[in-house]
Number of protein chains: 2
Amino acid sequence: MLTVRFCTAKRFSGKRFEALGGYREDWMATLADVARHAGVAASTVSYVLSGKRSVSEETRERVARSIELLGYQPHAGARALASAKSNVLALVMPLRQDLYVPVMMDIAIAVTTTARRFGYDVLLLTNDEGPEGIRRVATTARADAVILTDVGMQDERIAMVRQTGVDAVLIGVPADSAGLDCVDLDFAQAGRLCVEHLAALGHRQVAFVGEAQDTYDRQIGFAERTLGGIREAAARAGVSLIHRPCGGSYEAAAGVLARIFEERPRTSGLIVQNEAVIPPLLSLLRSTGRIVPEDVSIVAVCPDPVAEQTSPRLSSVSLPAAELGTRAVDLLMRRMADGGRDEVVLIPPTLTVRGSTGPAPQRSR
Amino acid sequence: MLTVRFCTAKRFSGKRFEALGGYREDWMATLADVARHAGVAASTVSYVLSGKRSVSEETRERVARSIELLGYQPHAGARALASAKSNVLALVMPLRQDLYVPVMMDIAIAVTTTARRFGYDVLLLTNDEGPEGIRRVATTARADAVILTDVGMQDERIAMVRQTGVDAVLIGVPADSAGLDCVDLDFAQAGRLCVEHLAALGHRQVAFVGEAQDTYDRQIGFAERTLGGIREAAARAGVSLIHRPCGGSYEAAAGVLARIFEERPRTSGLIVQNEAVIPPLLSLLRSTGRIVPEDVSIVAVCPDPVAEQTSPRLSSVSLPAAELGTRAVDLLMRRMADGGRDEVVLIPPTLTVRGSTGPAPQRSR
DNA sequence: ACATCCTGTCGAAGCGCTTCGCTCTGAGGA
DNA sequence: TCCTCAGAGCGAAGCGCTTCGACAGGATGT
């Protein structure tokens with residue numbers, strides 16, 4: 001086998017370096033070195049690498065051997081400069097770190113691994129740079145495209161995307177999605193599924209423990225859509241519904257829960273969206289003597305692992321975070337290749353029945 | 001005010017472009033354009049930007065105006081090529097996504113925002129590329145340095161760091177840290193604090209509910225060190241200790257807890273490290289009729305927000321995830337500037353007493 | 001008075017890669 | 001037989017920026 005002889009992070013080569021003083025242990029082969037070693041022109045090596053022109057089988061192999069032997073790796077910056085493509089995409093993470101952390105994490109990981117499959121690397125942007133981060137990354141050609149997460153109905157980042165004309169895919173759907181590619185779970189349908197499931201089990205009084213109030217204030221799309229779907233299905237199924245936003249703390253959950261049963265003691269079905277609330281909620285129900293699912297049924301909208309980590313396991317509509325990330329990258333790649341379809345991809349939700357839902361208790365209770 | 005006239009993500013300029021056909025709405029100013037507009041040499045503009053040579057106040061202002069007017073942004077790739085510095089650092093995320101997700105997230109966010117302050121962007125690497133990802137990113141000059149998280153006592157990525165000679169900082173401390181900069185919470189001390197706190201409250205039988213068994217199998221540093229600290233302090237304080245690894249699921253927690261009280265019914269103090277276990281644990285204690293802290297005291301090693309989201313709030317040694325990220329970047333910047341000090345920075349832990357710990361119950365119980 | 005040192009600026013070379021246009025061969029069609 | 005054309009390879013120009021050496025001219029030291 002041939003072995004890599006030199007391969008280090010510091011690149012030293014070229015005239016500038018040789019003029020400076022010569023040999024170094026840590027030396028990086030350049031395309032020119034490969035060409036020289038293989039006895040061909042630099043352009044030929046480039047064509048071998050890119051496949052953009054045909055190269056005879058023979059030279060291709062010779063070049064490949066030289067590449068291997070010299071441990072050649074193309075310089076990303078030089079490539080970006082010459083080809084006007086950085087092969088990097090930027091992932092913009094949400095404003096608040098407190099919310100749906102596991103979801104964001106899954107998205108980030110899925111985006112990164114999927115991007116790699118297409119030869120792209122992922123640059124992480126936090127929102128403390130604001131929309132300017134998008135401009136910066138786009139105009140300095142640090143990234144070729146961006147993926148936005150945690151998209152609000154009105155999102156200032158969208159204006160920046162439009163202004164710079166950078167290719168983008170949103171995870172989440174804004175009010176005006178004209179000219180944009182978006183992907184999201186069909187939260188309205190998710191909401192409907194929850195209600196229909198409870199209704200089918202005979203529950204007539206349902207409470208929706210939603211996201212924190214400020215999520216609604218900021219008009220984050222998925223929260224509004226879920227609520228919409230729930231309301232619609234409740235009306236259709238003749239289920240009486242109350243909606244209570246709820247922060248992630250134990251106290252918030254306690255307050256909300258108390259108020260729900262105070263106002264409507266007959267409440268037998270709970271729909272939960274804010275995953276942080278789930279542990280407190282279960283704990284509170286238990287300590288107030290309500291058995292799940294005999295007395296109260298719970299259905300959640302959350303990632304499957306979360307639903308499976310409680311006791312009893314939660315019936316839930318799963319939030320396929322990884323799929324969102326993967327699909328976003330797919331859309332982005334297609335957009336960069338063929339141009340955008342300005343498509344809104346809504347992933348159809350599925351409800352998995354686990355141990356937290358059962359028939360509504362008899363009236364005689 | 002002067003306004004930016006052209007500013008888009010697509011860059012079109014230079015001879016290659018003009019030869020190709022001329023004017024486009026979306027046009028990007030280059031350094032040469034700025035120079036021409038300001039009536040100076042390109043190098044002068046460069047020096048204005050970098051400050052590496054003195055430029056008269058007058059020309060500096062003229063150049064600044066031109067930059068503003070043309071909406072000039074330097075091309076990252078060109079910079080990287082010419083200066084042999086990408087101004088990017090790579091953050092390598094852990095193998096498993098299941099563990100300490102909020103911690104990783106905080107680290108990622110802290111690293112990103114801190115890096116920005118130094119003019120660096122952050123590239124996200126997942127471990128499914130393995131150590132090769134580090135090589136790739138280093139040898140293609142996509143990143144100037146790397147930050148490793150979730151470092152094991154024996155970590156194959158370290159060999160790659162040594163081999164490529166890329167600047168690196170580890171979050172976590174490996175068995176052999178020679179030639180490396182590391183930063184971590186002083187987990188041994190954290191463990192000691194937990195034991196000492198319980199001992200001071202009179203607890204004589206303590207159980208350590210640790211990380212999942214495979215975390216110990218993989219010899220992740222922090223898990224071993226915590227255990228070490230706990231053992232040492234227990235021996236010193238005359239506290240009798242058992243250690244039970246515990247996965248994150250409800251069932252695992254139930255099993256471990258049951259076994260603990262079976263083996264040693266007098267157990268009155270619990271130390272918890274795996275934050276996923278906390279909600280199930282509290283829930284189980286309640287349902288088996290043990291009151292916290294009257295019957296059982298709990299002290300956790302976890303991020304403050306986690307400790308504050310339960311009822312009762314947990315006395316805990318805080319895991320300063322954000323600080324780890326910030327410090328890692330600081331170390332890295334210093335390393336790139338002055339060379340490495342090969343330093344292991346251990347952040348001194350602090351224990352915050354909250355509602356979950358109290359005096360040990362009387363023997364007569 | 002001279003050699004010497006800054007300061008501020010310029011021009012040119014260079015970073016490592018892609019891509020365009022050209023040349024040369026040999027095969028195939030008319 | 002002549003022309004065409006695809007295949008294979010080369011050379012050079014170019015991407016947009018940094019940096020080195022040079023140089024003009026004024027200030028400084030002796």
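Small disclaimer: the values here were computed from a predicted structure and weren't measured.
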Selected nucleotide, minimal atom distance to A/T30 side chain, candidates C/dG8, C/dG16, D/dC17
C/dG16
Would you find more than 12 non-hydrogen atoms of other residues, nucleotides or ligands less than 6.0 Å from B/K52 atom NZ?
no
Any N or O donor-acceptor pair linking the side chain of B/R79 to the base of C/dG16 at under 3.5 Å?
no
Result for 5'-nearest mapping on DNA chain C, choosing between B/V40 and A/G77, is B/V40
Which part of the nucleic acid does A/V45 contact within heavy-atom distance under 4.0 Å: base, sugar-phosphate only, or nothing?
nothing
Given the options A/R334, A/R335, A/R327, A/E343 meets salt bridge (charged side-chain N to carboxylate O under 4.0 Å, His left out) only with A/R334
Separation of atom CZ in A/R36 from atom P in C/dG16, rounded to whole Å
11 Å
From CZ of A/R142 over to P of D/dC17, roughly how many Å is that when rounded to an integer?
13 Å
In whole angstrom, what separates A/H75's NE2 from C/dG16's C1'?
7 Å
Regarding A/S43 and A/S46, do their side chains bring together a donor and an acceptor under 3.5 Å, going by distance alone?
no
Any side-chain N or O of B/T59 under 4.0 Å from OP1/OP2 of C/dT9?
yes
Atom pair distance, as rounded to whole Å: CD1 in B/I67 and P in D/dG16:
16 Å
Check this one for me: any side-chain N or O of B/S46 less than 4.0 Å away from OP1 or OP2 of D/dT18?
yes
To the nearest Å, give me how far apart CG (A/L81) and C1' (D/dT18) are.
12 Å
Evaluation steps, salt bridge (charged side-chain N to carboxylate O under 4.0 Å, His left out), between B/R162 and B/D176
CA-CA 12 Å; B/R162 292 213 164 96; B/D176 173 15; 3.7 Å; yes
What is the distance, to the nearest angstrom, from the CD atom on B/E57 to the C1' atom on C/dT7?
14 Å
Please determine if a side-chain N or O atom of B/T44 lies less than 4.0 Å away from the OP1 or OP2 oxygen of C/dC10.
yes
Indicate, yes or no, whether a donor-acceptor pair under 3.5 Å links the base of D/dG9 to the side chain of A/R53.
yes
So, is A/S56 close to the D/dG7 phosphate, meaning a side-chain N or O under 4.0 Å from OP1 or OP2?
no
Nucleotide C/dT19, atom P - distance to CG of A/L49 in whole Å:
12 Å
Among D/dG11, C/dG16, D/dG16, which nucleotide has an atom closest to any side-chain atom of A/A78?
C/dG16
Proximity to the side chain of A/S83 - top-ranked nucleotide from C/dT9, C/dT19, C/dC15
C/dT19
Is A/V183 close to A/L170 at the side-chain level, that is, under 4.5 Å between some pair of heavy atoms?
no
Looking at A/E57, I'd like to know if its CD atom is crowded, meaning that more than 12 non-hydrogen atoms belonging to other residues, nucleotides or ligands lie closer than 6.0 Å.
yes
Tell me: CZ of A/R62 to C1' of D/dA8, nearest whole Å?
12 Å
Quick one: does B/S43 reach the base of C/dG11 with a side-chain donor-acceptor pair under 3.5 Å?
yes
Polar side-chain contact A/Y72-C/dC17 base: donor and acceptor under 3.5 Å:
no
If only side-chain N and O atoms of B/K52 are considered, is one of them under 4.0 Å from the OP1 or OP2 phosphate oxygen of D/dT19?
yes
Distance-only donor-acceptor test, B/Y47 side-chain atoms vs D/dC20 base atoms, 3.5 Å
yes
